[in-house]
Amino acid sequence: MNVGKPQETGSRIKHEDMKLTDAGRFYALLRFEEASLALRAVLRMGLVDQLRDRSLSRDELRDELGFTVQAARTFFALLQVMQILEIRDGRYCVTTHADHCLATGTPTSRKPYLSMGTGDDVDALLDLLKGTNPEKAIPLYSGENAGETIMDDAPVAREIALGLSSRARNFADPLAEAVAGHASNAKTLADIGAGSPYVAQACLRALPNLDQAILVDRANGMRFAHEIIRNEQMDSSRLEFHEGDFFDAVPTADIYLLSNTAHDWRPPEYSTIADNIRNSMPDDGLICIHEPILMTSWNDDTEWIRALWMACYALTLLRFTLGEGTCYSIEEHDEILSKSGFVSTGPPVSTADGCTALFFRKKN
Ligand SMILES: C[S@@+](CC[C@H](N)C(=O)[O-])C[C@H]1O[C@@H](n2cnc3c(N)ncnc32)[C@H](O)[C@@H]1O
């Protein structure tokens with residue numbers, strides 16, 4: 001397993017030896033289209049011209065552009081990693097390099113070249129950043145009584161669920177190994193927003209004392225976990241299936257997994273899920289947040305590529321979830337979970353395919 005070592009400065013995760021089984025670079029290639037979209041949006045908005053010689057706080061810049069909070073969090077982080085924006089004395093400024101290359105009308109500007117072919121996709125992104133969704137847009141996920149979602153359209157939901165499960169199947173063992181390192185005595189585990197049975201099955205193999213793993217999902221997601229179990233003729237005798245809304249309540253367990261699910265929601269909804277978990281867990285319980293982690297600083301080119309991939313991924317999530325979801329930094333996870341009464345326990349552990357496991361226990 002590739003274990004992330006926390007560092008004193010810069011980003012807190014070091015990623016040196018990518019395993020051959022890790023599909024990270026393919027995900028990164030898929031996601032880099034967001035960097036192209038964001039660059040073209042910057043040129044369309046004339047952002048470099050607008051900000052030249054100025055510095056703005058995050059809220060001032062957000063107000064000036066008319067972006068939602070979640071859009072500003074996501075887009076500004078991506079522009080930092082793309083080295084178009086930088087933070088000086090806590091305020092956003094255009095980098096000298098972007099000023100040199102992306103302004104209008106200067107001899108060194110390549111804006112006329114770089115903005116060729118910009119089209120409807122940029123208009124759609126700018127609408128999303130301002131909180132305007134296309135008419136009749138249907139959310140990907142929602143709570144039980146919050147109306148129709150894409151997951152209610154069985155063929156599309158199947159493609160999404162099986163697509164996600166192909167990733168989960170491959171990070172399941174490194175994730176289970178990380179969980180075993182923190183919760184070797186756990187008897188019960190709940191995988192919240194499980195999607196597939198792979199992680200629960202891997203934890204049943206890796207945790208010596210685990211008697212039972214509970215899959216928690218809405219009925220429109222759980223049906224694909226059952227389909228995988230049937231098709232692969234898995235032994236499901238130690239699995240339990242809890243169909244329900246994680247915004248209402250979650251079952252009791254010693255260790256909770258929330259994998260690739262926090263990023264589908266804004267901080268208030270993420271907090272509701274975390275509150276429900278805290279209210280159900282024993283005092284010595286643990287929660288493992290397993291997520292792509294946003295990072296806006298890096299120590300070398302390898303880390304910069306990862307930071308770019310994660311920031312692009314954040315924009316993909318924002319688009320998929322109609323402006324609700326994004327990637328959060330470790331500091332943001334710490335802050336959101338702290339409000340729900342959790343404190344970090346142990347360093348981040350890099351698993352596979354761009355995901356990192358963070359462990360939290362109840363505050364005393
Ligand atoms: C992005 S998937 C993550 C799946 C899996 N944990 C992984 O790591 O690949 C989010 C999961 O949360 C489930 N979900 C979404 N809203 C939910 C809700 N309100 N209550 C319970 N599960 C929900 C979805 O059906 C889906 O399986």
Side-chain angles (χ1 to χ4, degrees), residues 23 27 138-154 156-176 178-179 189-203 213-229 239-251 253 255-266 268-277 280 287-293 313-314 316-322 324-328 351-358:
Y27 291 96
I138 301 173
L140 178 55
Y141 303 119
S142 79
E144 203 78 65
N145 301 311
E148 193 192 354
T149 69
I150 287 179
M151 291 301 283
D152 297 318
D153 177 337
V156 180
R158 190 165 185 277
E159 190 181 347
I160 293 170
L162 297 187
L164 291 173
S165 79
S166 73
R167 179 182 57 171
R169 180 182 201 152
N170 285 288
F171 64 55
D173 283 326
L175 174 55
V179 172
L189 172 144
D191 187 356
I192 308 295
S196 82
Y198 294 119
V199 172
Q201 293 283 44
C203 288
I214 312 165
L215 271 53
V216 178
D217 214 304
R218 287 193 57 194
N220 60 15
M222 193 74 93
R223 57 190 159 167
F224 303 108
H226 288 297
E227 182 179 321
I228 292 168
I229 290 169
L239 293 182
E240 201 178 286
F241 302 91
H242 179 101
E243 277 183 12
D245 184 348
F246 51 45
F247 292 121
D248 288 342
V250 298
I255 168 92
Y256 289 83
L257 284 177
L258 190 66
S259 173
N260 289 293
T261 292
H263 67 218
D264 292 329
W265 306 100
R266 296 176 307 127
E269 285 83 32
Y270 178 9
S271 291
T272 303
I273 304 170
D275 288 346
N276 286 344
I277 291 174
S280 297
I287 175 170
C288 169
I289 305 291
H290 186 239
E291 283 281 319
I293 299 290
Y313 195 173
T316 302
L317 288 165
L318 189 83
R319 296 203 298 136
F320 277 1
T321 58
L322 302 180
E324 295 280 302
T326 190
C327 297
Y328 296 102
T351 57
D353 289 21
C355 298
T356 298
L358 309 174

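Numbers here are sequence positions counted from 1. Heavy-atom basis, side chains included; hydrogens, waters and symmetry copies ignored. Both counts, for ligands and for their atoms, begin at 1 and track the order of listing. As the structure is a prediction and not an experimental result, all values here were calculated from the model.
Among the atoms of Asp264, none of the N or O lies under 3.5 angstrom from an N or O of ligand 1. Here's the thing with Gly193: one of its N/O atoms is less than 3.5 angstrom from an N/O atom of ligand 1. Note: no N/O pair closer than 3.5 Å links Asn220 and ligand 1 by distance alone. Among the atoms of Asp191, none of the N or O lies under 3.5 angstrom from an N or O of ligand 1.
At the shortest separation from atom 2 (S) of ligand 1 among protein heavy atoms lies Tyr141 OH, 3.4 Å. Atom 5 (C) of ligand 1 has Ala194 O, 3.1 Å as its closest protein atom, hydrogens excluded (heavy atom only). The closest protein non-hydrogen atom to atom 1 (C) of ligand 1 is Asn260 O, 3.0 Å. The shortest contact between atom 8 (O) of ligand 1 and any protein heavy atom is with Ser259 OG, 2.7 Å. Here the protein heavy atom with the shortest distance to atom 20 (N) of ligand 1 is Phe246 N, 2.9 Å. With hydrogens left out, the protein atom closest to atom 19 (N) of ligand 1 is Asp245 OD1, 2.9 Å, a heavy atom. Ranking the protein heavy atoms by distance from atom 10 (C) of ligand 1 puts Thr261 OG1, 3.5 Å first.
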Kindly list each side-chain donor-acceptor pair under 3.5 angstrom involving residues 241-251, sequence neighbours excluded, with atom names and distances?
unit_1: Asp245; atom_1: OD1; unit_2: Phe247; atom_2: N; d: 2.8
unit_1: Asp245; atom_1: OD2; unit_2: Glu144; atom_2: N; d: 2.6

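The shortest heavy-atom contact between Gly147 and Ser142 is O-OG, 3.8 Å. Taking all atoms of both residues into account, the shortest heavy-atom contact from Leu257 to Cys203 is CD1-SG, 4.2 Å. Heavy-atom minimum distance, Arg218 versus Thr149: NH1-CG2, 4.4 Å. Listed here is the closest heavy atom pair of Thr326 and Ala314: OG1-CB, 3.5 Å.
Of the inter-residue distances, the one linking Ile277 atom CD1 with Ile287 atom CD1 reads 3.5 Å to the nearest 0.5 angstrom.
Residue contacts with ligand 1 for Ser142 involve N, CA, C or O but no side-chain atom from C-beta outward (heavy atoms, distance under 4.0 Å). No part of Tyr198 comes within 4.0 Å of ligand 1, judged by heavy-atom distances. Within the 4.0 Å heavy-atom criterion, neither part of Ala161 lies near ligand 1. Contact annotation: for Val216 versus ligand 1, there are no heavy atoms closer than 4.0 Å.
In this structure, of Asp217, Val250, Leu175, Leu215, the residue bringing a heavy atom nearest to atom 25 (O) of ligand 1 is Asp217.
Here the side chains of Ile229 and Leu239 are in contact, with some heavy-atom distance below 4.5 Å. Residues Leu189 and Ile214 form no side-chain contact, since every pair of their non-hydrogen atoms from C-beta on lies 4.5 Å or further apart. Two residues are said to be in side-chain contact when any heavy atoms from C-beta on lie closer than 4.5 Å; Leu317 and Asp264 meet this criterion.
Phe171 meets the ring pair (Phe, Tyr, Trp, His ring centres under 6.0 Å) test with His290; sequence neighbours excluded.
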